[in-house]
Structures are given as C-alpha cells and as structure tokens.
Amino acid sequence: MKPYKWLVCCLLLVVLLKGTGCKKYLAVKSDASLVVPGTTGDLQALLDDAAFMNYNTPALGASSADDFFMDDATFTSNSVFGKHVYQWIPYPYRYPNDWSLAYRAIYNANVCLERVGLIAPAPNNRQQLTSIKGAALFYRAYYFLELAWLFAKTYDSATAQTDAGIVLRTGSDFNVPSVRATVKASYEKIIQDAADAAALLPDNPQQLTRPSKCAAYALLARAFLSMRQYDSAGKYAGLALQIKNTLMDYNNPGEVDVAAGNPFKRFNSETVFYTTMNSYIALYHPIMNNARVDTNLYAAYDGNDLRRAAFFTAAGSYYSFKGNYAADYFDTFSGIASDELWLTRAECYARAGNTAAALEDVNLLLSKRWLTGTFVPVAANTATEVLALILKERQKELLCRGSLRWMDIKRLNRENANITPRRFIAGEYFTLPPNDNRYALQLPQDIIETAGLQQN
C-alpha cells in the first residue's frame, strides 16, 4: 500500500477517535515515515484523492437556502437533524458533517504543504513541486471559504475584527489547540492562500478536479464578493475570464440536451473547477429527498428561456431540479463555472455604475440560454435597475450550486435586500429574518465538547 493510503487510513482513525473522545490514542507518537507521503508522486496522489478533496463539499448552506421547499410528507420522513435544518432551529448534531469533511480536506492540504518543503528541488521535479504547493494552498482556501460562509457571520468591516470566524488549521499536528479566529483574520487567510495559489498554478488544469490559476482567481472573486468588496471581486472575475470565458449554447444539442434527465455533460466546457456536495444532510437533493423548486423562482423563467426545460422536470404539481453540472442523479455540482464568473463581473460593473458593461455581460450569458431567434437583449434605465436584474439572473442561473445562494442571501441582506427565507410546515410558517444570528450556523456539538470552541 502506498504511503498516502496509509495516511488516509490513519487520518480517519484519528478523526473517529477524536470525535468519540478517546484522547489517549492521540498521545501516542507515530512513526511519521510510515504514514506520511514523502515523494512528489505521493503528494500529488493525496491531492488527487477526489473522494476526500472534491466530492464532499458542504451541504448545509444549500439545505438552508430558499431555492427549494418540501411538502409535509417529505418533511415528516426526514431525520430529526434534517427537520431542524429545514426550520433553521439549532440542533446538537455530531460527526460526520460539513465541518469534519471540510477539515479533512484541509488536513490533507496541510500535510502536502509541510512535506513539499522537505523535498529537494531538482530540474525534473521543480514544476511539480510548485504545482503541488499551489494546489494545496488552493484547497485550503477553498474549504476555509466554504466554512466561513456557513459558520461565520457575514463579513462586516465594522465588526469583522471581533466577530467569531473559523478555525484556521494551518498544520497537521492534532495536538495544536483549535481556536476560532476572527472573521477578519479568516478572510485575510483565505485571500492570502488563494493569491499565493494563483501565483503558482498553471492557467488551466490537466483535469478539472485539479485547481488552476483560473480557479484561484475565481475563488478570490468569490471571497471578495462575499466580503462586499466589489472592485476586487470584479477584478478577479475579469482575470479568470481572461483565461476561460466559455459559455455553453443551450440551443446546441451537442452541448446541452434540454429534454434529457441529465441535460449537461460532466466536466462540460463551462467548468473551471469540479466539486460536488456531500449527502449527509442533502435536503436540497431533488431525487434523494423529493425537494421541490420554489414556485416563485420557477415562474420567473420565460417560456423561451431554455433553462426552464434544462433545469426542471415535472414532479406532481410542482417541479424538481435537474440542471446539474455533475450530470448525475445523486451527486450535485458545487464547483466553479464560467457562468458564475460572468454574473459576478456583471454585478460588480453595475455596482460601479458601468451599466453598459454590466448589460453586455449579462446579455451575452442570456443569449446562450434563450431559444434561437427569441432573445431580446435586456435593458434598464438606471444602475439600480441593472443591478436588480443581474441579481435575479444570478439566482436563476446558479440555483443548487452548493453554498452560493446561502452566501448571496447573507451578503445581500447586509445591502438591505430584505430577503426572508420562509418554510410552510403543517399550517405553520417558519421564517429566517435578515441578518439573524442563525445565518452563522451551529458548530457540531462534538467539536464544542472536545475542543471547547465558542458556539454560534
């Protein structure tokens, strides 16, 4: 068995033991040479372990957002934890969960960052060492940002220095205590790692489950967008689009079969970086949990908008979502795609008052989505109208894309958008008011107990 596989086995054992409180095992010092990868091949293999690094991104954000609803029967059939998530009611959940899966990927990234510095550079490995370091930094930033979106308050410059953020694990030593950094420190680390990764990675990856410079720029755009620093978000979205700006034409059956159960190809031409969400609390999942698309959202699609056919399928009196870039009934795409970048740059143009550029970007996207011969470019008279149009298109284009909608609700409510998610269950409404403390989701109970972290 290769060394990195020994590492994975040992990591799982340690996480399980730590989660059950068996601390005595953590005091035993292992022989690192037996379990830690020591070659560039081992390190690359650890980062290429897609089951850990790509296929288990957080699902709590998507499960908490307003893209979907469940009927009473479906709600009743859910787990106790699932019911609490759906109603935004705190619940003492435990391992496994979004927190543990994200920090598992971060642990792998930290191991690679530690070990890559111990390998002597040579002409035949220098480029690979650079790429490994860049990929590890990217993964760490990618999961740090996901965790910040879920478990920290929205970035607010007035309170970011005191608001509780995430745990910034930057090494593989389990004996180092976990402490929550501030929101400000959390985002500073995310941006630092993503920027450092961008300087080291190739423009495009050999395969889309690997990070790239384009993906790192896109990650920076996401981070700055969620911080509401729109100049920087637009800058990095633009840099990413300089590398990859492809948009699928939904009129082309070779690219998109709008009538099919899986309309899109996996690793399609818009994909910048490929990840999928975990299924531990997959309330958003249209097949596994019978989720239905919000009726007002479905009604917002024009009859000539091909997304209506590509994204949705009839499910009784309602519709469920099928527009999954993972091309799978059970895995849901949560990665980065070029359509997101076009909409991010368009939003940032609008906020800067450059309405012409904003409309040009959004119209380019929409022209690829509407039935040939029916599209009329959208127009607006003011920057405020343009921004509202773009934000609506962002919701329509990027639904069921991991934590994006959850992040958007949080940041836009800081802009007084007054978005109030609402659930109707057994004749009773449950709402989540704007800027409620529950937008910083609860940390797992076992982490609170074993690490003594501050609970939200």
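- With Gln455 contributing its side chain and Leu443 its backbone, the two residues share a donor-acceptor pair below 3.5 Å.
- When side chains are defined from C-beta on, Asn456 does not count as touching Asn437, because their heavy atoms never get closer than 4.5 Å.
- Every pair passing side chain to side chain donor-acceptor pair (under 3.5 Å) that includes a residue from residues 353-365 is listed here, sequence neighbours excluded: Arg345-Asp361.
- Side-chain contact check for Val85 versus Tyr91: every heavy-atom pair is 4.5 Å or farther apart.
- In this structure, Lys235 places its NZ atom where only 12 or fewer heavy-atom neighbours from other residues, nucleotides or ligands lie under 6.0 Å away.
- The backbone N or O of Gly254 sits less than 3.5 Å from a side-chain atom of Lys265, completing a donor-acceptor pair.
- Side-chain atoms of Asn304 never come within 3.5 Å of backbone atoms of Leu371 as a donor-acceptor pair (strictly under, hydrogens ignored).
- A ring-centre distance under 6.0 Å is found for Tyr274 and Phe267.
- Qualifying side chain to side chain donor-acceptor pair (under 3.5 Å) partners for Gln229, counting only residues two or more places apart in sequence or in other chains: none.
- Taking the six-membered ring wherever Trp is involved, the centroid distance between the rings of Tyr301 and Phe312 falls below 6.0 Å.
- When ring centroids are compared, Tyr439 and Trp88 stay outside the 6.0 Å threshold.
- Of the possible polar contacts, none joining the Ser131 side chain to the Gln127 backbone as a donor-acceptor pair under 3.5 Å is found.
- Arg369 contributes a side-chain N or O that, together with a main-chain N or O of Met248, makes up a donor-acceptor pair within less than 3.5 Å.
- Of the inter-residue distances, the one linking Thr271 atom OG1 with Lys244 atom NZ reads 6.0 Å to the nearest 0.5 angstrom.
- Counting only residues at least two apart or on different chains, the salt bridge (Lys or Arg N to Asp or Glu O under 4.0 Å) pairs with a member in residues 132-152 are Arg140-Asp193.
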Please determine whether salt bridge (charged side-chain N to carboxylate O under 4.0 Å, His left out) holds for the pair Asp302 and Arg308, giving the CA-CA distance in whole Å, both sets of side-chain angles, and the decisive distance to 0.1 Å. CA-CA 8 Å; Asp302 187 271; Arg308 193 169 189 172; over 6 Å; no
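- The 12-atom threshold is not exceeded at CD of Gln206, counting heavy atoms of other residues, nucleotides or ligands nearer than 6.0 Å.
- Sorted by first then second residue, the ring-ring contact (aromatic ring centres under 6.0 Å, His included) pairs that include residues 346-374, not counting sequence neighbours, are Trp370-Phe375.
- In summary, the side chains of Thr246 and Ser269 do not present any donor paired with an acceptor at a separation below 3.5 Å, with no hydrogens or angles considered.
- For the pair Tyr103/Ile166, a side-chain contact is recorded, criterion being any heavy-atom separation below 4.5 Å from C-beta on.
- Checking side-chain atoms of Lys213 against main-chain N and O of Pro202 turns up no donor-acceptor pair under 3.5 Å.
- Ring geometry for Phe151 against Trp99 counts as perpendicular: the plane angle is over 60°, on a 0 to 90° scale with 30° as the lower cut.
- Inter-residue side-chain proximity for Ile447 and Tyr95 is flagged as unmet; no heavy-atom pair is nearer than 4.5 Å.
- A donor-acceptor contact shorter than 3.5 Å is absent between the side chain of Arg169 and the backbone of Ile106.
- Between Asp98 and Asn278, the side chains place a donor N or O and an acceptor N or O closer than 3.5 Å (distance only, hydrogens not considered).
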Salt bridge (charged side-chain N to carboxylate O under 4.0 Å, His left out) between Arg266 and Asp328: does it pass, once the steps are laid out? CA-CA 8 Å; Arg266 184 176 297 174; Asp328 193 280; 3.3 Å; yes
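- The residues Asp156 and Arg414 are annotated as salt-bridged, a charged nitrogen and a carboxylate oxygen being separated by less than 4.0 angstrom.
- The closest side-chain heavy-atom distance from Pro434 to Thr420 is below 4.5 Å.
- Note that OG1 of Thr154 and CG of Asp163 are 9.0 Å apart. Values are rounded to the nearest 0.5 Å.
- At a threshold of 4.0 Å, the pair Arg411-Glu415 does not count as salt-bridged, since none of the basic side-chain nitrogens sits closer than that to a carboxylate oxygen.
- Counting only distance, with no hydrogens or angles, the side chain of Asn54 and the backbone of Thr209 share a donor-acceptor pair below 3.5 Å.
- Relative orientation of the Tyr143 and Tyr139 rings is parallel, given thresholds of 30° and 60° on the angle between their planes.
- With sequence neighbours excluded, the residues forming a side chain to side chain donor-acceptor pair (under 3.5 Å) with Lys184 are Glu188, listed by chain and number.
- Looking at Lys83, its side chain does come within 3.5 Å of a backbone N or O of Thr76 through a donor-acceptor pair.
- Applying the salt bridge (Lys or Arg N to Asp or Glu O under 4.0 Å) definition to pairs two or more places apart or across chains, those involving residues 379-393 are Arg307-Glu393, Glu393-Lys396.
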Criterion salt bridge (charged side-chain N to carboxylate O under 4.0 Å, His left out) on Glu340 and Arg401, from CA distance to verdict: CA-CA 10 Å; Glu340 176 191 341; Arg401 290 276 186 95; 5.1 Å; no
For Phe264 and Phe333, run ring-ring contact (aromatic ring centres under 6.0 Å, His included): C-alpha distance rounded to whole Å, both residues' side-chain angles, the deciding distance at 0.1 Å, then the answer. CA-CA 11 Å; Phe264 303 100; Phe333 180 76; 9.9 Å; no
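- In this structure, Asn56 contributes its side chain and Ala51 its backbone to a donor-acceptor pair below 3.5 Å.
- The shortest distance between side-chain heavy atoms of Asn97 and Tyr280 does not fall below 4.5 Å.
- Of the N and O atoms on the side chains of Thr344 and Arg222, not one donor lies less than 3.5 Å from an acceptor on the other residue.
- Ionic pairing of Asp48 and Arg210 is present here: one or more N-O contacts between side-chain nitrogen and carboxylate oxygen are shorter than 4.0 angstrom.
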